[in-house]
Amino acid sequence: MGDTDTHIFPTYKRWDLTFDHAKGDTITTKEGHDYLDFMSGIGTVNMGHSHPDIVAAVEKQVQKGWHASNFFHYEEQERVASLLAEATGLDFVFYGNSGSEANEAAIKLARKATGKESVVSFTQSFHGRTYGSLAATGQSKIQEGFDPLPSGFTYAPYNEVDELAKYVDDQTAAIILEVIQGEGGVVPGERGFLKQTEALAKQHGALLIIDEVQTGMGRTGSPFSFQKYGLTPDIVTVAKGLGNGFPVSAMIGSTHLKAHFGPGSHGTTFGGNPLAMAAVEATLHVLNTPYFLEDIHEKSQQAFQLLNEELRGLDDVVDIRGDGLMIGIACKGPVAPILTNLQAKGLLALPAGEKVIRLLPPLTISQDRLMIGLKIVVEAIKESAKTTASR
Ligand SMILES: Cc1ncc(COP(=O)(O)O)c(C=O)c1O
């Protein structure tokens, strides 16, 4: 389909591929090609495409009814809220439909609950594209053209412990943090930096908001990545993998925030609709399957071992980083040609910024298929290195 045959705003630079259907780790296009999916719908379809239990749960709910409004109690919402509270160690949930909306809710709640205005975020962060979440996104190229943005946001340099204290003070309502920056280049936060962020938030009576939109729901090998560092956020935001690709998000907060999000304070028509809840409940059930997380851990170790053995030392590869099955391969030059080559070889992967290849295979992928995919990635990077060398 050419650029002139569409009535869709060209906000996305689309590939020459038309989706037809998907199952497990494979996407089949209208053109009749199968692709090994190492991007999981940008980190959403974590349990694999068309997971039978999740499909069955949604189908069942379709027959029962898909929307009645938040004037009703929904047993499905209550069950999912209990599961999310248990999974995060927090207490109350607000449902939305996207990661941006969850962060928007978190920022609003933080300002209302603290009575303070200032929100500290980090350079190269990504929190969404609605005005609040966009203002929290520390990347000027994403904010460009949309002024005036909401005021009160500042951006501390990520992973720079000594700089942090300059940004956080008693006027700070919240610090919003990704434990691993996803869109910003798959950059893991260092333990000391993460801990210091938490300590400063507590010291100044600021809320710690952890954005688990990309890192949550098992992606890094634990239900949520903050748990690996023993952090205790006041608010956690989740989307993407929450309903295995079904549009749904959650902002989960601690008890002391409840009074500030009373009737009429915030809302969204579709948030928590029963179809979404069916998807989330079934997805959480898969996440809680015995050995599910251990299996991710094992596959992750194999993946990093292979990539390190094959790629470390190559001139063109600067770093191999990430956690669980969120993997970044930082290269010296732009990775677009490598991603195009990967598609030609039947594998779909993503960039994170201009120079990082981001791999987000489904968490349910078999070890064999994971290794097959990684070998294709290695091959494409080596081919690119050869081309660069011969220039
Ligand atoms: C960490 C993080 N937060 C928020 C968002 C925004 O989510 P959505 O696109 O669902 O609004 C994203 C999307 O990539 C993300 O990676």
Side-chain angles (χ1 to χ4, degrees), residues 70 81 84-85 88-123 125-140 142-143 146-156 158 164-179 181 194 196-213 216 226 231-239 249-269 271-272:
N70 280 316
L84 288 174
T88 55
L90 292 165
D91 305 292
F92 289 95
V93 175
F94 175 84
Y95 293 114
N97 308 285
S98 68
S100 301
E101 259 188 82
N103 286 329
E104 202 74 34
I107 293 162
K108 283 180 74 178
L109 177 56
R111 282 185 167 169
K112 194 157 190 283
T114 60
K116 298 191 276 185
E117 195 180 307
S118 145
V119 176
V120 177
S121 166
F122 294 96
T123 50
S125 60
F126 187 84
H127 298 293
R129 294 182 186 262
T130 55
Y131 262 108
S133 64
L134 178 65
T137 291
Q139 300 192 49
S140 50
I142 293 176
Q143 297 176 336
F146 297 111
D147 283 343
L149 296 178
S151 59
F153 290 80
T154 51
Y155 314 98
Y158 194 71
L164 253 180
K166 295 182 193 160
Y167 291 80
V168 186
D169 59 26
D170 290 346
Q171 298 312 310
T172 308
I175 306 180
I176 182 163
L177 172 75
E178 291 165 278
V179 172
Q181 290 191 328
L194 298 172
Q196 177 69 355
T197 304
E198 176 182 53
L200 278 171
K202 305 272 177 255
Q203 184 188 330
H204 291 285
L207 302 185
L208 178 62
I209 302 169
I210 299 197
D211 179 341
E212 292 273 1
V213 168
F226 74 84
L231 301 173
T232 52
D234 301 281
I235 295 176
V236 169
T237 56
V238 196
S249 66
M251 181 212 58
I252 312 152
S254 58
T255 300
H256 69 99
L257 300 171
K258 184 185 175 195
H260 303 281
F261 248 16
S265 56
H266 192 55
T268 174
T269 300

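FYI, side chains are in, hydrogens and waters are out, and symmetry mates aren't considered; it's all heavy atoms of this structure. Every value quoted in this text rests on a predicted model; they were computed, and no experiment measured them.
- Scored by the ring-ring contact (aromatic ring centres under 6.0 Å, His included) test, His260 finds no partners at all (sequence neighbours excluded).
- Counting only distance, with no hydrogens or angles, the side chain of Ser121 and the backbone of Ala136 share a donor-acceptor pair below 3.5 Å.
- Considering every non-hydrogen atom in both Ala201 and Ile175, the closest pair reads CB-CD1, 3.9 Å.
- Side-chain contact between Thr197 and Val120 is absent, with no heavy atoms from C-beta onward closer than 4.5 Å.
- Interatomic distance, OH of Tyr131 versus CZ of Phe146, reported as 6.5 Å (0.5 Å rounding).
- Side-chain contact between Ile235 and Ile252 is absent, with no heavy-atom pair separated by less than 4.5 Å.
- Between Phe261 and Met251, some side-chain heavy-atom pair lies under the 4.5 Å cut-off.
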Stepwise side chain to side chain donor-acceptor pair (under 3.5 Å) test for Glu198 and Thr232: CA-CA 8 Å; Glu198 176 182 53; Thr232 52; 2.8 Å; yes

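- Ser254 and Asp91 share no side-chain donor-acceptor pair at under 3.5 Å.
- Checking Thr130 against Glu104 by side-chain atom types alone, a donor-acceptor pair falls below 3.5 Å.
- With hydrogens and angles disregarded, a donor-acceptor distance shorter than 3.5 Å links the side chain of Lys116 to the backbone of Thr172.
- Of all the heavy atoms in Pro233 and Ile210, the pair that sits closest is CB-CG1, 3.7 Å.
- Looking at heavy atoms from C-beta onward, Ile176 lies in side-chain contact with Val119 at the 4.5 angstrom threshold.
- Qualifying salt bridge (charged side-chain N to carboxylate O under 4.0 Å, His left out) partners for Lys258, counting only residues two or more places apart in sequence or in other chains: none.
- Atom-to-atom distance recorded for Phe226:CZ and Leu194:CG is 12.5 Å, nearest 0.5 angstrom.
- One N or O on the side chain of Thr114 and one on the backbone of Ala110 form a donor-acceptor pair closer than 3.5 Å.
- Looking at every heavy atom in both residues, Ser125 comes nearest to Gly138 through OG-N, 2.9 Å.
- Nearest heavy atoms, Tyr167 versus Tyr155: CE2-O, 3.3 Å.
- Here the CG atom belonging to Leu84 is positioned 10.0 Å from the CG atom belonging to Leu90, to the nearest 0.5 angstrom.
- Counting only distance, with no hydrogens or angles, the side chain of Asn103 and the backbone of His127 share a donor-acceptor pair below 3.5 Å.
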Intermediate values then yes/no, side chain to side chain contact (heavy atoms under 4.5 Å, CB included), Lys108 and His266: CA-CA 9 Å; Lys108 283 180 74 178; His266 192 55; 3.0 Å; yes

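- At a threshold of 4.5 Å between non-hydrogen side-chain atoms, the residues Ile142 and Arg129 count as touching.
- For Gln181 (side chain) and Thr123 (main-chain N/O), a donor-acceptor pair under 3.5 Å exists by modelled atom type.
- Using a 4.5 Å cut-off on side-chain heavy atoms (C-beta onward), Asp234 and Lys202 make contact.
- Looking at Ser249, its side chain does come within 3.5 Å of a backbone N or O of Ser98 through a donor-acceptor pair.
- Residue Glu178 holds its CD atom at 9.0 Å from OG1 of Thr237, rounded to the nearest 0.5 Å.
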Gln171 vs Glu117, side chain to side chain contact (heavy atoms under 4.5 Å, CB included): CA-CA, chis, key distance, verdict: CA-CA 7 Å; Gln171 298 312 310; Glu117 195 180 307; over 6 Å; no

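- Looking only at distances, a side-chain donor or acceptor of Gln143 sits under 3.5 Å from a matching main-chain atom of Thr137.
- Using a 4.5 Å heavy-atom cutoff, the side chains of Ser265 and Lys112 are in contact.
- Judged as a ring-ring contact (aromatic ring centres under 6.0 Å, His included), and not counting sequence neighbours, Tyr95 has no contacts.
- In this structure, a donor-acceptor pair under 3.5 Å is absent between the side chains of Asp169 and His204.
- Using a 4.5 Å heavy-atom cutoff, the side chains of Leu164 and Phe122 are in contact.
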